[in-house]
Amino acid sequence: SVKVASITDVSPDIFRHILFYVYGGRVPKEDLKAHAKRIIDAADKYSIVNLKLEAEAVYVKETDITMDNAIDNLLYADAKNLALL
């Protein structure tokens, strides 16, 4: 009999990137830019450290830290243990 595992907390497109990466693929830079936080969240959840670091590096490069978002980014960095942010 076939067992099915439902994954409801990660969108199918992000999970597709996770699986592709785990099986030796690379996530395209444009996808990392467009979905950095979602990829960081999923990579953190499933302990895929190198993908998390790649997405974090892109997030840091592409995000302007301002007075308005500094606290949110600090809290996010602390919650996800993001050393680069």
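Residues take their numbers from the sequence shown, with the count starting at 1.
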Linking I/L/V/M/F/W/Y whenever any side-chain heavy atoms sit under 4.5 Å apart, do [X] and [Y] land together?
| X | Y | result |
| --- | --- | --- |
| V27 | I7 | yes |
| L51 | L19 | yes |
| I14 | I40 | no |

With sequence neighbours excluded, what pairs up with [X] under the side-chain hydrogen bond (donor to acceptor under 3.5 Å, both in side chains) test?
| X | answer |
| --- | --- |
| D9 | K45 |
| S11 | D13, R38 |
| K80 | none |

Of all the heavy-atom pairs spanning A43 and I18, show the shortest one and how long it is.
N-CD1, 3.9 Å

How far apart are the closest heavy atoms of L82 and K52, and which atoms are they?
CD2-CE, 3.6 Å

Which value, rounded to the nearest 0.5 Å, describes the distance between I48 atom CD1 and I39 atom CD1?
10.5 Å

Does V49 form a side chain to side chain contact (heavy atoms under 4.5 Å, CB included) with L53? I'd like the steps, not just the answer.
CA-CA 6 Å; V49 177; L53 286 170; 4.1 Å; yes

Salt bridge (Lys or Arg N to Asp or Glu O under 4.0 Å): pairs with one or both residues in residues 21-32, sequence neighbours excluded
R26-E54

Under the ring-ring contact (aromatic ring centres under 6.0 Å, His included) definition, can you give me all pairs with a residue in residues 8-56, not counting sequence neighbours?
F15-Y46

Side-chain donor/acceptor pairs under 3.5 Å, residues 60-71, sequence neighbours excluded:
| from | atom 1 | to | atom 2 | distance (Å) |
| --- | --- | --- | --- | --- |
| T63 | OG1 | Y59 | O | 2.7 |
| T66 | OG1 | D68 | N | 3.3 |
| T66 | OG1 | N69 | N | 3.3 |
| T66 | OG1 | N69 | OD1 | 3.4 |
| N69 | OD1 | T66 | N | 2.7 |
| N69 | OD1 | N73 | ND2 | 3.4 |
| N69 | ND2 | D64 | O | 2.9 |

